[in-house]
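What follows is one structure encoded as structure tokens, with my remarks underneath.
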Amino acid sequence: MVRVRFAPSPTGYLHIGSARTFIFNWLFARHNAGTMILRIDDTDVERNTRESLDSIFEGLAWLGLDWDEFYRQSERGKLHTSLANHLVGRGLAYRDFAPARTADDGAPEAGAAGWLFNPEMRELSQGESDARAASGEPFVIRFRVPRDAGGVVTFRDAVYGEQSKSTSDIEDFALLRSSGVPTYHMASCADDIDLKITHIIRGQDHLANTFKHVLLFEAAGAPVPQFAHLPLLIAPDGAKLSKRKHGPVVSVTSYRDAGFLPEAFINFVALLGWNPKDDREHLNRDELVAAFTLAGVNKSNAVINFSEQEPFDPKAVWLNGQHIYKLPAAQLAPQLAPFLRSAGLEADEGKVLAVTPLIQERIRLLRDVVSVADFFFLEKLAPYDPAELIPQKGDRAMALRVLEKAHQLLAAVEFIHPAIESAFRAAAEELHVKAGQMFLPVRVAVCGRKNAPPLFETIEVLGREVSVQRVGEAIGKLQGTAL
RNA sequence: GGCGCUAUCGUCUAACGGUUAGGACGGAGCCCUCUCAAGGCUUAAAUACGGGUUCGAUUCCCGUUAGCGCUACCA
């Protein structure tokens, strides 16, 4: 039975890299009919925030990804400390009474002599250790890394293969802080053991920590889970993604706010560091679940390609356009409406549904609906230059002739788009203008711009009254200007 | 500094010793077309460098270089 967990620490917003880790775990769990666990790793009380927790829930809710079990590490402290104390009791960990050594206050450089552990503390007699603890002297509990000559820790990573590291390169890491609060390593392993996690799928930044974890699992007498480390997501400059440096692209909510479809986002992110081994790029959620295996995960970091001009990876945007295009209009329309409304447009449900098929293949982000379809919802068209009404190789007189003819037709014709179109094509012939010369002035009159959805469907949706009125206004504009 | 990991078009990636090094996004061009899209076709664009091993290396080994990660009483 597969049991996997996503274990974010609530310090910040839901990062795209974290979201990807969740997605990979989730896909793996669902593919294997296993259990997905969400565990909040909040042992570092000082850095946790409520907002951050909320943003994790918010992001996952948007993605529509679920989990089967939920835990909060801070509520499981007893489990962690008791395992730490158990290890002390068995001589596998020890109390260290030395003052904290941090990088800035003179800790020995990693690799330098005396870096791995403080022999004085490591070899303290049981009696003295107990006495000093009893006297209230503060201490941290450190793992006693085996120091046999030639000792090596090994494990097999599902992505990176056989891994090994000499124990002489592993320090006696802390398990419990002097405050008694467990460290990440302790809490994480104790929980992984207790929750019977079978596969640990996480960022590659934990690869080097894994040797410590293997040691801890073994010391606790627990089976060592399978590991799969994921290549990291990085910025175009090669740096890791940070909100301060790279802006909103790193936050999941900004994808939502720009109008990505959750399924498209998942599709895009799944393809970063994983591929289905065939040429498919567009995969829906079920297809991803069916195709996902750890064997398809690759080893090198993936760049999310964005810039000031293009705030989102062009491939993500393209993929989103594909997902939008494939979505039934009835499902898309309700997702479009909020973007229209927040732009101050009155987005009547029925009208949005009627407009949707006309713009579906013209938008790549949901928010594009505003710039593409605003004129459907505007009472009064935004002002445009009357010169726009003049067709190619035509002049003001031609525009006027065309518009006047259109004005008559629109008032009389049967108001369905094939009928409108054939009437217009016949009129073009009658007026001795090309179809394009006939259509352009009308398009501008009705949409207020040269680039728009197909003319006749647009007119049909707009309705007779509005269309006639707008063409009339265009005639007025043209007459009122000398061009 | 020490330890670990990685290295194919600009970007995401395929090719588990033998391919004209494939696909996708983006770029360029053409076609389709009432504009814009969408779609179709064509095209430019990559194996970091140097040594091995091999009849034959993108692929295996070593070194160099570069990037990333870990090296806390952060996670």
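These figures come from a predicted structure and were not determined experimentally. Labels below follow one simple rule: chain letters A, B, ... track the order of the sequence lines, proteins then strands, and each chain is numbered from 1.
- Residue-level contact check: A:P236 touches neither bases nor backbone, having no heavy atom under 4.0 Å from any strand.
- Judged by the 6.0 Å and 45° rule, A:K450 forms no cation-pi pair with A:Y384.
- A residue-by-residue look at A:D279 and A:K240 shows that A:D279 has its nearest nucleotide of RNA chain B further toward the 5' end.
- Across all strands, A:H185 comes closer than 4.0 Å to base atoms (heavy-atom distances).
- A:P454 comes within 4.0 angstrom of a base, heavy atoms only.
- Using a 4.0 Å heavy-atom cutoff across all strands shown, A:V140 reaches at least one base atom of the nucleic acid.
- Residue A:R177 places at least one side-chain N or O under 4.0 Å from the OP1 or OP2 atom of B:A75.
- Note on A:K450: a base of the nucleic acid sits closer than 4.0 angstrom, heavy atoms only.
- A:R364 comes within 4.0 angstrom of sugar-phosphate atoms only, judged by non-hydrogen atoms across all strands, and of no base.
- Across B:U58 and B:U42, the matching P atoms stand 27 Å from one another, rounded to whole Å.
- Of all nucleotides listed (B:G39, B:C36, B:U13), B:G39 comes nearest to the side chain of A:Q322.
- Across all strands shown, B:A7 pairs with B:U65; the Watson-Crick or G-U wobble distances both stay below 3.5 Å.
- For the P atoms, the distance from B:C68 to B:G52 is 32 Å, rounded to whole Å.
- Closest to the side chain of A:F439, out of B:U11, B:U13, B:C34, is B:C34.
- A sub-4.0 Å separation between OP1 or OP2 of B:C68 and a side-chain N or O of A:Q204 is absent.
- Neither OP1 nor OP2 of B:U35 sits under 4.0 Å from any side-chain N or O of A:R449.
- A cation-pi contact, defined as under 6.0 Å to the ring centre and within 45° of the axis, is absent between A:R72 and A:F70.
- Applying the 3.5 Å distance criterion, the base of B:G23 shares a donor-acceptor pair with the side chain of A:E281.
- Separating the P atom of B:A48 from that of B:A14 is a span of 14 Å, rounded to the nearest Å.
- Among the heavy atoms of the strands lying under 4.0 Å from A:S178 is at least one base atom, whether or not backbone atoms are also near.
- Counting any heavy atom pair closer than 4.0 Å across all strands shown, A:F211 reaches no nucleic acid atom.
- Judged by atom type and distance alone, A:K315 reaches the base of B:C12 through a side-chain donor-acceptor pair under 3.5 Å.
- Rounded to whole Å, the C1' atom of B:U8 lies 13 Å from the corresponding atom of B:G23.
- A:L60 has its side chain within reach of A:L38: a pair of non-hydrogen atoms, C-beta onward, lies under 4.5 Å apart.
- Taking atom CH2 on A:W318 and atom P on B:C12, their separation rounds to 16 Å, with Å as the unit.
- In this structure, A:F97 and A:F139 have side chains that are in contact, with non-hydrogen atoms separated by less than 4.5 Å.
- Contacts of A:G273 with the nucleic acid, taken as non-hydrogen atoms under 4.0 Å apart, involve only primed sugar atoms and P, OP1 or OP2.
- In terms of polar N and O atoms assigned as donor or acceptor, the side chain of A:N209 comes within less than 3.5 Å of the base of B:A75 in a complementary pairing.
- The residue from A:R95, A:R142, A:R122 that alone fulfils the salt bridge (charged side-chain N to carboxylate O under 4.0 Å, His left out) condition with A:D172 is A:R122.
- Within the 4.0 angstrom heavy-atom criterion, only backbone atoms of the sugar-phosphate kind lie near A:Q163; the bases stay farther away.
- Within 6.0 Å of atom CD in A:E429, 12 or fewer heavy atoms from other residues, nucleotides or ligands are found, so the atom counts as exposed in its surroundings.
- Backbone-only contact: A:A174 has heavy atoms under 4.0 Å from sugar-phosphate atoms and none from a base.
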